[in-house]
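Below is one structure, written out as structure tokens; comments come after it.
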Amino acid sequence: MAEVTLYFPEDFKWGCATAAYQTEGDNPNSEWWAWEQGEGHIADGQKSGQACDWWGDGFLTDLDWMARLNNNAHRLGVEWSRIEPQEGTFDDAAIDRYRFMLKSMCERGIEPMVTLHHFSNPIWIAERGGWETPDILPLFERFVSKVVESLKDLCSLWITINEPTIYAVVGYLLAGLQDGERHPLIFPPGKSDLWLTLAVLENILLGHGGAYHAIHRLQPEARVGIAHNMQMLDPLHPHSLLDRLVIALQDRLMNQSVLAAQLPGRIPRLFGSRRVRALRDSCDFIGLNYYSRELVVFDRKSPQTLFGRRVQNPDGEISDGSYGEVYPRGLYRLLKRVGRYGKPIFITENGLPDHDDDRRPAFLINHLKQVWHAINENVPVKGYYHWTLTDNFEWAEGWNLRFGLVELDPATQKRTLRKSGELYSEIGKANLLNTDMVRRYAPELMGTVFKG
Ligand code: FCB
């Protein structure tokens with residue numbers, strides 16, 4: 001069999017993505033901390049606790065792991081609730097701590113990308129209605145300005161908002177759709193109202209616009225984007241017009257909305273759209289989060305989800321906890337789609353829950369092959385951030401879903417490199433993927449992976 005080598009561009013960024021709340025631990029001023037105390041909110045009543053101890057020594061330990069994985073980039077978050085624990089009171093010690101974290105990364109040749117909002121709000125913001133009203137917009141902009149002013153000598157790559165559409169749906173829609181069983185994706189405040197969901201989405205997109213300009217005022221050379229979770233939706237019945245119609249509706253709100261907001265500056269509404277001048281071209285790069293594919297079937301009893309019900313592919317490969325269908329081609333399809341806008345693209349998250357690490361090596365190889373294909377068709381992909389470095393607190397799923405290249409025992413804080421971590425380290429070091437890696441890490445793919 002011919003030996004194949006897929007080379008990546010010379011300045012390609014290889015990293016992992018993390019979120020502040022999921023890694024730092026001991027975060028009592030966040031609404032998530034309060035939410036965790038509520039009965040039935042987190043699987044098996046688990047708690048984030050110390051998480052990966054990034055507010056303590058765990059950060060330096062994981063920094064060594066980043067270096068060992070040959071990462072030259074890392075996406076991390078800052079917590080609003082630490083920096084501004086009470087309205088208008090900024091905590092200098094927290095800012096110094098983030099300065100230390102970014103400095104330590106830069107010293108090791110790891111370029112930071114900082115997320116300003118990743119799902120969690122300070123309790124005082126939640127008490128004021130969070131993103132339900134535009135009242136939050138000046139408050140968010142003030143927080144963003146404070147952060148950028150304080151960190152701009154250490155970072156120039158910013159994500160304003162992580163996954164606007166997911167944030168709106170899991171906090172404001174899904175709670176009403178559960179049938180008896182605990183839904184794995186219900187986030188605070190756990191409401192269920194389609195109109196409120198749309199209002200939250202609109203406000204958070206406006207929040208991005210304000211943040212985009214505030215950052216550029218303070219740091220003209222900054223590169224700013226959104227980490228957008230794009231859903232790969234295919235019809236359950238490929239020939240059904242109704243299935244395709246509901247996909248078009250869901251796609252408009254879940255996928256196209258964020259692209260339309262930050263590029264032509266139009267926020268789609270259920271009927272029509274709202275033009276916002278400040279949002280137009282508020283995008284220096286497109287951040288793409290991609291996980292899995294879902295099939296959609298028309299269901300007239302499901303108006304809250306625009307008459308489309310999500311189902312898992314009965315013939316698909318499904319990851320731990322029925323999380324989703326492993327569908328590498330989806331990454332290529334989405335890259336081609338967003339590539340049309342001509343903006344640089346970072347894959348800001350991609351990964352799977354896989355406690356035994358028996359799928360992750362093949363997952364990495366198959367997905368990176370698709371990235372390589374897209375790059376070779378001139379899609380300007382500049383970097384790949386795997387979700388995630390070490391196992392961390394997976395929101396409502398607690399510690400049940402393990403996404404790490406490095407295994408973490410949260411009780412002892414012991415870390416153990418997974419085989420997939422070794423593979424990722426080799427890929428980053430050589431800046432390529434080849435047959436020899438497939439042979440050693442995912443022999444089940446030999447003979448098929450590099451065909452076609
Ligand atoms: C993404 C989130 C991230 C993590 C992964 C598994 O949607 O941005 O925080 O939960 O899923």
Side-chain angles (χ1 to χ4, degrees), residues 15-25 27 30-32 35-36 41-43 46 48 51-52 54 74-80 113-121 159-171 173-174 183-188 201 204 208 225-232 254-255 258 286-294 310 318-327 330-331 334 346-355 359-360 363-364 367 384-406 408 410 420:
C16 296
T18 51
Y21 192 83
Q22 293 177 273
T23 52
E24 290 175 357
N27 221 333
S30 162
E31 64 176 339
W32 260 92
W35 178 256
E36 279 182 42
H41 288 166
I42 314 294
Q46 298 175 75
S48 60
C52 311
W54 272 32
H74 186 85
R75 175 180 170 218
L76 76 168
V78 292
E79 253 305 295
W80 189 355
M113 172 190 269
V114 169
T115 310
L116 294 155
H117 187 275
H118 195 131
F119 293 161
S120 85
N121 297 304
I159 297 283
T160 52
I161 308 280
N162 181 68
E163 301 189 345
T165 48
I166 301 297
Y167 176 80
V169 164
V170 296
L173 190 65
L174 289 188
H183 194 292
L185 269 177
I186 293 180
F187 287 16
L201 177 59
I204 208 158
H208 159 76
I226 292 176
H228 178 26
N229 182 308
M230 290 200 57
Q231 307 200 317
M232 186 69 247
M254 296 303 292
N255 290 332
V258 175
I286 293 177
L288 172 65
N289 291 3
Y290 173 67
Y291 283 89
S292 54
R293 169 165 77 166
E294 286 177 281
R310 303 283 177 91
I318 308 296
S319 54
D320 288 1
S322 297
Y323 184 78
E325 181 189 354
V326 176
Y327 179 65
L331 185 51
L334 292 170
F346 288 104
I347 297 161
T348 36
E349 288 182 28
N350 174 236
L352 86 167
D354 182 20
H355 192 283
R359 296 180 193 276
R360 195 176 286 104
F363 179 99
L364 273 172
H367 283 76
Y384 174 88
Y385 298 76
H386 189 77
W387 185 276
T388 186
L389 180 66
T390 47
D391 293 336
N392 61 33
F393 180 73
E394 182 48 37
W395 309 112
E397 288 288 8
W399 295 94
N400 289 357
L401 296 183
R402 301 305 186 105
F403 282 85
L405 294 167
V406 178
L408 171 80
S420 53

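We count ligands from 1, going down the list as the structure has it; atoms in each ligand are counted the same way.
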among protein heavy atoms, the one nearest atom 5 (C) of ligand 1 is Tyr291 OH, 3.3 Å
Identify the closest protein heavy atom to atom 10 (O) of ligand 1: which residue and atom is it, and at what distance? Glu394 OE2, 2.8 Å
Where's the contact between Tyr323 and ligand 1, heavy-atom distance under 4.0 Å: side chain, backbone, both or neither?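 Side chain only.
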Below 4.0 Å, non-hydrogen atoms only: which portion of Thr388 touches ligand 1? Side chain, backbone, both or neither. neither
Using the six-membered ring wherever Trp is involved, compare the ring planes of His386 and Phe363 and label them parallel, tilted or perpendicular (cut-offs 30° and 60°). perpendicular
Mutual orientation of the aromatic rings belonging to Phe119 and Phe187 [parallel < 30°, tilted 30-60°, perpendicular > 60°]: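 Perpendicular.
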Tell me, with the steps shown, if Asn162 and Arg75 meet side-chain hydrogen bond (donor to acceptor under 3.5 Å, both in side chains). CA-CA 11 Å; Asn162 181 68; Arg75 175 180 170 218; 2.9 Å; yes
For a salt bridge (charged side-chain N to carboxylate O under 4.0 Å, His left out) check, start with the C-alpha distance between Asp354 and Arg359, then their side-chain angles and the critical distance, and finish with the verdict. CA-CA 7 Å; Asp354 182 20; Arg359 296 180 193 276; 5.1 Å; no
Option nearest atom 7 (O) of ligand 1 (shortest heavy-atom distance, choices Glu163, Glu349, Glu397):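 Nearest option to atom 7 (O) of ligand 1, by heavy atoms: Glu163.
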In ligand 1, the atoms that come under 4.0 Å of a heavy atom of Asn162 are 8 (O)
Under the criterion ring pair (Phe, Tyr, Trp, His ring centres under 6.0 Å), I'd like the reasoning laid out for Tyr167 against His117: C-alpha separation, chi angles, the key distance, then a yes or no. CA-CA 10 Å; Tyr167 176 80; His117 187 275; 5.6 Å; yes
One pair to check against side-chain hydrogen bond (donor to acceptor under 3.5 Å, both in side chains): Arg293 and Gln231. What are the steps and the verdict? CA-CA 7 Å; Arg293 169 165 77 166; Gln231 307 200 317; over 6 Å; no
Does an N or O from Gln22, backbone or side chain, lie closer than 3.5 Å to an N or O of ligand 1? yes
